[in-house]
Chemist: 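I have a structure I would like to understand better, so I am pasting it below and will then ask my questions one at a time.
Please read all numbers here as calculations on a predicted model, not as lab measurements. Chain A is the first sequence line, chain B the second, and so forth, proteins listed ahead of strands; every chain is numbered from 1.
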Amino acid sequence: MDANKTWKNPVVAWIDHRLPIFSMMNADLVDYPTPKNLNYWWNFGSLAGIVLVIMILTGIFLAMHYTAHVDHAFESVERIMRDVNYGWLIRYLHMNGASMFFIVVYIHMFRGLYYGSYKAPREVLWMLGVFILLAMMATAFMGYVLPWGQMSFWGATVITNLFSAIPLVGESIVIWLWGGFAVDNPTLNRFYALHYLLPFVIFALVFLHLWALHVHKSNNPLGIDVKGPQDTIPFSPYYTIKDAFGLGAFLIFYLGFVFFAPNFFGEPDNYIKANPLVTPPHIVPEWYFLPFYAILRAITFDIWFIPAKLIGVILMFGSILILLFLPWLDRSPVRSAKFRPIYRQFFWLFLVNCIVLGVVGKNPPEGHWIWIGQLTTAYYFAHFLIVMPLLSYLERPRQLPSSISAAVTPGGLGIPARGAAE
Amino acid sequence: MSRMKQLLSAAAVSIGLSLVAAGPGEAAEATAPPEVDWSFNGMFGTFDRASAQRGLEVYKQVCASCHGMDLLPYRALVGIGLTPEQIEALAETFEVQDCCTEEGEPFSRPAKPADRFISPYPNEQAARFANNGALPPDLTLINKARIGGADYIHAVLTGYEETPPEGVTLMPGMYYNRYFPGHQIGMPPPLSEGVVTYSDGTEATVDQQARDVTTFMAWAAEPETEQRRAMGVKVLLFLIVLTAFLYALKRKIWADVH
């Protein structure tokens, strides 16, 4: 942080001398030296932060009108839609915002996978991101239960029942989670409490994520380290305007759904009030859980003494937790897939594999979907456990450029970051 | 090359997402409903007021004998063009159980515009008892709560066959419907030629009645539709202009870096 920054405004200077908040904002949002070659895939980090804020704000306003009780929850949501001023707008922003959050975060993660953003010295940054994803999933799952529609109720029943697969204590854990012997009012109440709490946990994790980011700064499409001030530009105005433009484009996409296809990502069944006596023909989670749902259902056979259900649960949680170990599974010293010709092919294969897993998760586990699900599940793990470690040794990366400025503006002048130049 | 790949990947992601999110349509085992050119289709569609009002007639005279619309207050009918006087007059034709008189006794009074549509049955048990054990679903959200939406509702209302195809044996008390999942539906064919007499003189064919009542229910399910779309057009136009300016500004600011 630039301790010598002098502020013209005497009030700002007085405060800053005692609490250097203005110096901090200046160092982290204005002068902050950023690689000059970031492409538009780097917009999705700030977009995710903005969506989080939108979700918290719309969520607080929804909470003012929502009633967390099995007899009133469904009607209170419809009251928001019909009688609360612009209630339909707030709810559709929140509902579609959840899908947008996952779209943005998934793109952000695949960007990290492609450009090796998880590698040293950014392992902790990446792991914090995985924790954010886990917290997001828990929040989204519990939020989906709150409208108390058919899919809310049956989704909650299926997912909480997963814990019954845990040997010996599973059944007791499920009763403890439910607060009773079925998904009922106590379940709805605690989900509401946790759904309100977790976004603030995510907010704290995002703070740590940004802190870790600002220690070693952004990775870049070349994946090579910043060699000096000629490789960077100050965050403002260059990336503030680029992020602002990206935000505009994103809002067009997001609000297009909100205003013209607000139920595109939803299930019609969730506009039927929850009924514990009527099971919907196909219980499917929200689209962003489908690949994991496919992994959960992939195993149809017991292995030795371990029941199929338990293996499915372990694999589903394992499919996310394995990301925590990625920095050590991929030993290649080269970050960017740009210079890793073979990894690059496998990256696209992995992306396609994830999409196929999503399609499998959408369909009932019958016929050919069973073996496709098993194959894609196996490949999901093989990508991390076999392909990545092997490529670290077998692949011969291309020659890396000597520096960012040498690669981006051959012989050209770098514009030094203000902070870095001093 | 890499730019190309980026585009391809973006396309792959969006195609994948749309496949994944394409809705549960493929799950239904019934025939796909025929597409109807609804007045409320598309980005700029609005509810045909005359049709929705005729649909209200159909609902009152036919559907309401078994189906409630519990979430819809009479006052909301201004949304399909009824005047406050008409709404008051309509509400007054229904009796509502209220509580309580000064002595603490429940009493009944004529409904007011602020009351929700009065249900045909006092509770679920009564509804099931009167319908052979089946529960006629509430219709307020029916258009949002069925795969296929308005097209599906219209198709079910017009999709009855008097004699089921060969090889199909109906369970007792069931009717054959081309579009209902499983083809066996507990609801007897609700519409027939001229079962409703329209006050505006429109010929009450089965298809006409089905279209009108579906339009009414489409409005009832999403009464905010017209306001939402009108606002959406303004918001998106504003955002497109703003984003274009932001892009120009970005180009200008970045000119010295490239």
Chemist: At a 4.5 Å cut-off on heavy atoms, which part of Leu247(A) comes close to chain B: side chain, backbone, both, or neither?
Modeler: neither
Chemist: Would you mind checking which part of Thr225(B) comes under 4.5 Å of any heavy atom in chain A, side chain (CB onward), backbone (N, CA, C, O), both or neither?
Modeler: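 Nothing of Thr225(B), per the 4.5 Å heavy-atom cut-off to chain A.
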Chemist: Could you tell me which non-hydrogen atom of Ile118(B) sits nearest to which non-hydrogen atom of Tyr74(B), and how far apart they are?
Modeler: N-OH, 3.1 Å
Chemist: Can you name the nearest heavy-atom pair linking Ala210(B) to Leu157(B), along with the distance?
Modeler: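 The answer is CB-CB, 3.9 Å.
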Chemist: Please enumerate all residues that pass salt bridge (charged side-chain N to carboxylate O under 4.0 Å, His left out) together with Glu88(B), with sequence neighbours excluded.
Modeler: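 Checked Glu88(B) against salt bridge (charged side-chain N to carboxylate O under 4.0 Å, His left out); zero matches.
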Chemist: Can you say whether Phe74(A) sits under 4.5 Å from chain B via the side chain, the backbone, both, or neither, judging by heavy atoms?
Modeler: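 The answer is the side chain of Phe74(A).
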Chemist: Hey, what's the ring geometry for Phe40(B) with Phe47(B), parallel, tilted or perpendicular (30° and 60° as the breaks)?
Modeler: tilted
Chemist: Just so I understand: if I count every heavy-atom pair under 4.5 Å between each of Phe259(A), Tyr86(A), Phe110(A), Tyr92(A) and chain B, which residue has the most?
Modeler: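 Most pairs with chain B among the choices: Phe259(A).
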Chemist: Is chain A contacted by the side chain of Ile240(B), its backbone, both, or neither, given a heavy-atom distance below 4.5 Å?
Modeler: both
Chemist: Does the ring center of Tyr115(A) lie less than 6.0 Å from the ring center of Trp42(A)?
Modeler: yes
Chemist: Count the heavy atoms of every other residue, nucleotide or ligand shown that sit under 6.0 Å from CG of Asn123(B), and state whether that count exceeds 12.
Modeler: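 Yes, because the 6.0 Å sphere around CG of Asn123(B) holds more than 12 heavy atoms from other groups.
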Chemist: Select one option (side chain, backbone, both, neither) describing which atoms of Ala248(B) are under 4.5 Å from chain A's heavy atoms.
Modeler: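 For Ala248(B), there is no contact with chain A at all, as no heavy atom is under 4.5 Å.
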Chemist: Please state whether the side chain, the backbone, both or neither of Asp83(A) comes within less than 4.5 Å of a heavy atom of chain B.
Modeler: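 Answer is side chain: those atoms of Asp83(A) sit under 4.5 Å from chain B.
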Chemist: Under 4.5 Å from any heavy atom of chain A, what part of Leu242(B) do you find: side chain, backbone, both or neither?
Modeler: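 The answer is neither part of Leu242(B).
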Chemist: Looking at residues at least two apart in the chain, or sitting in another chain, which of them share a ring pair (Phe, Tyr, Trp, His ring centres under 6.0 Å) with Phe101(A)?
Modeler: none
Chemist: Could you tell me which portion of Val258(A) (side chain, backbone, both or neither) has an atom closer than 4.5 angstrom to a non-hydrogen atom of chain B?
Modeler: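 When you check distances to chain B, only backbone atoms of Val258(A) fall under 4.5 Å.
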